[in-house]
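For reference, the structure is listed below as structure tokens.
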Protein chains: 2
Amino acid sequence: MSLVLVVDDEPQIRRALRTSLEAHGYQVSTVGTGEEGVVGAAEQDPDLLLLDLGLPDIDGTEVIRRVRAFSDVPVIVLSVREGQTDKVAALDAGADDYVTKPFGMEELLARARAAMRRKQPEEPTLPVQRFGELEVDLARRLVTRDGEQIHLTPTEYGLLEALVTNPGKLLTHQWLLRKVWGQGYGTETTYLRTYVRALRKKLGDDAQAPALIVTEPGVGYRWVAEAN
Amino acid sequence: MSLVLVVDDEPQIRRALRTSLEAHGYQVSTVGTGEEGVVGAAEQDPDLLLLDLGLPDIDGTEVIRRVRAFSDVPVIVLSVREGQTDKVAALDAGADDYVTKPFGMEELLARARAAMRRKQPEEPTLPVQRFGELEVDLARRLVTRDGEQIHLTPTEYGLLEALVTNPGKLLTHQWLLRKVWGQGYGTETTYLRTYVRALRKKLGDDAQAPALIVTEPGVGYRWVAEAN
DNA sequence: GCGCGGCGTGAAGATCGCGTGAAAGCCCTG
DNA sequence: CAGGGCTTTCACGCGATCTTCACGCCGCGC
């Protein structure tokens, strides 16, 4: 969930923004002064800054400048001032957008989406996991061994993903069943036996001397391979 | 020097923008239709796109979508329309900013600076992709095989674009349906079967031994061709 | 030493999803 | 209003996948 920091000295505007933003699934934090805004931007590391220009303490452009000293967070300025000079000053200080009050909530939300979309480095590119000659690419959903691609069925892949993303942890039968098969499951340990076996076979693991998936009798399974 | 591509059908606006932009040290290129705009964005690789929404040929948001298929260039929309819905549509299609006419030149220049400042060194998809004898021109929406042009229906092209712009990645049924058919879709896997088959046939791929589109049973499809 | 529960193994039946072919609906143009 | 292109829908056959079952083995407690 994305965190939005609202900086405005008027309580009713803070409340209105909070309501609308939270209704659209954002987490909202509000402060009333520029000073608090700069500190909040540093401490809370928000995904978006909504900044009113008419603050009592510091000038809005100054807030932007100070925030820009340490953060690239998208900043959208809200203001009653129509003047071009204010807009130019705010934008050149480092703001990403400038919206004049009164503004439509839909428009503001769209501009917020646009601003946040840009800052995303796409996907945090979860790295390809390597375990010896085994390679698991969660992003592309590809598994290779000795350079050869291994075909996994959806269930097999789901199980492998659950294991690999929880390395070293003991995953109980119930937890795995719920994770891979869905909420309604939890007792079908024969499924697990069947699919753990299929995985071991395809990944080249040996149940008697496992290097990847260890059986914890009566409890569950554990992914023990060391990433390298 | 930064290159700005202006897309507007009114010559006097083109001239006005050119004058102001050149006076501020920008190199300016202008075109009058959405089609030329998309192609220009591909061939000239501008640092900024100024796009009028009221174009004679293609809808403005469609121009944005097409450009976004291969480029992350900042896009600022210019429009006479005040309506929020237009703004939201344009911003969600991928625009960076939306300025309503009449606008002040100083403000536009400031917004342009802000938009370009954000530009990050990212690897854009090449507008023309080649896969062996297959060539996909994302800017002109042209597909050729052995030099022969292949005719694709809009849906077929949309599907191909979704695949080609996400090479190697497993695209789930739901993701593809939402991307190509729209938000309301997600379960109509028969559509996918029908159109994947049509694409394979037209592109010369074989479902049994696919070189372009691989089926991931129960999950989705994957574009596996290597660009060259 | 013996019974028992849990596991690995093998395999079989049921089910699902895919590719295929085709046809019906829809929309725009002539 | 007739035609053609495009989209949506349906039925079928087949192979892959999921589910289920039976059996033997091992470790553990009695």
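Naming convention: chains lettered A, B, ... in sequence-line order (proteins, then strands); numbering from 1 in each chain.
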Report summary line: B:Asp206 CG to C:dC18 P, in whole Å, measures 17 Å
Query raised in the report: Within the structure shown, what part of the strands sits under 4.0 Å from B:Thr194 by heavy-atom distance: base, sugar-phosphate, or nothing?
Result: base
Query raised in the report: Does B:Arg193 or B:Thr155 map to a spot on DNA chain D nearer the 5' end, using the closest nucleotide for each?
Result: B:Thr155
Requested in this report: Find the distance B:Tyr185:OH to D:dT7:P and express it as a whole number of Å.
Outcome: 11 Å
Query raised in the report: Within the pair B:Thr215 and C:dG17, is there a side-chain N or O less than 4.0 Å away from OP1 or OP2?
Result: no
Report task. Nearest-nucleotide wise, let me know which of B:His173 and A:Gly220 is further upstream toward the 5' end of DNA chain C. Result -> A:Gly220
Report task. For A:Arg140 and B:Pro167, indicate whether the former's side chain and the latter's backbone hold a donor-acceptor pair under 3.5 Å. Result -> yes
**Report entry** Whole-Å gap separating C1' (C:dT20) and CG (B:Leu199)
**Finding:** 16 Å
Query raised in the report: Are OP1 or OP2 of D:dT8 and a side-chain N or O of B:Trp181 less than 4.0 angstrom apart?
Result: yes
**Report entry** Presence of B:Tyr191 side-chain N/O under 4.0 Å of D:dT9 phosphate oxygens OP1/OP2
**Finding:** yes
Query raised in the report: Hey, does the side-chain of A:Arg197 have a donor or acceptor N/O within less than 3.5 Å of a partner on the base of C:dG8?
Result: no
Report task. To the nearest Å, give me how far apart CD (B:Glu156) and C1' (D:dT7) are. Result -> 10 Å
Query raised in the report: What class does the angle between the rings of A:Trp181 and A:Tyr191 fall in, given that below 30° is parallel, 30 to 60° is tilted and above 60° is perpendicular?
Result: tilted
Query raised in the report: For A:Thr153 and D:dC18, is the shortest distance between a side-chain N/O and OP1 or OP2 below 4.0 Å?
Result: yes
Query - Plane angle bin for B:Phe131 and B:Trp223 - parallel if under 30°, tilted between 30 and 60°, otherwise perpendicular - result: perpendicular
Query raised in the report: CD of B:Glu188 versus P of D:dT9: gap in Å, rounded?
Result: 8 Å
Query raised in the report: Once you round it to whole Å, what is the distance between P of D:dT20 and CG of A:Leu192?
Result: 13 Å
Report summary line: Partner of A:Tyr157 under side-chain contact (heavy atoms from CB on, under 4.5 Å), picked from A:Leu199, A:Ile150, A:Leu138, is A:Leu138
Report summary line: With the side chain defined as heavy atoms from C-beta on, B:Tyr195 is closest, among C:dG19, D:dT19, D:dT8, to D:dT8
Report task. Could you tell me whether B:Gln208 contacts a base, only the sugar-phosphate backbone, or nothing, with contacts defined as non-hydrogen atoms closer than 4.0 Å? Result -> sugar-phosphate
Query raised in the report: Starting at CG of A:Asp205 and ending at C1' of C:dT9, how long is that distance when rounded to a whole Å?
Result: 16 Å
Query raised in the report: Do NZ/NE/NH1/NH2 and the carboxylate oxygens of A:Asp97 and B:Arg111 come within less than 4.0 Å?
Result: yes
**Report entry** Short side-chain N/O contact from A:Tyr221 to OP1 or OP2 of C:dG8, under 4.0 Å
**Finding:** yes
Query raised in the report: Is the phosphate of C:dG19, meaning OP1 or OP2, less than 4.0 Å from a side-chain N or O of B:Arg200?
Result: yes
Query raised in the report: Is any side-chain nitrogen or oxygen of B:Thr190 closer than 4.0 Å to OP1 or OP2 of D:dT9?
Result: no
Query raised in the report: Does A:His151 place a side-chain N or O at less than 4.0 Å from the phosphate oxygens OP1/OP2 of D:dT17?
Result: yes
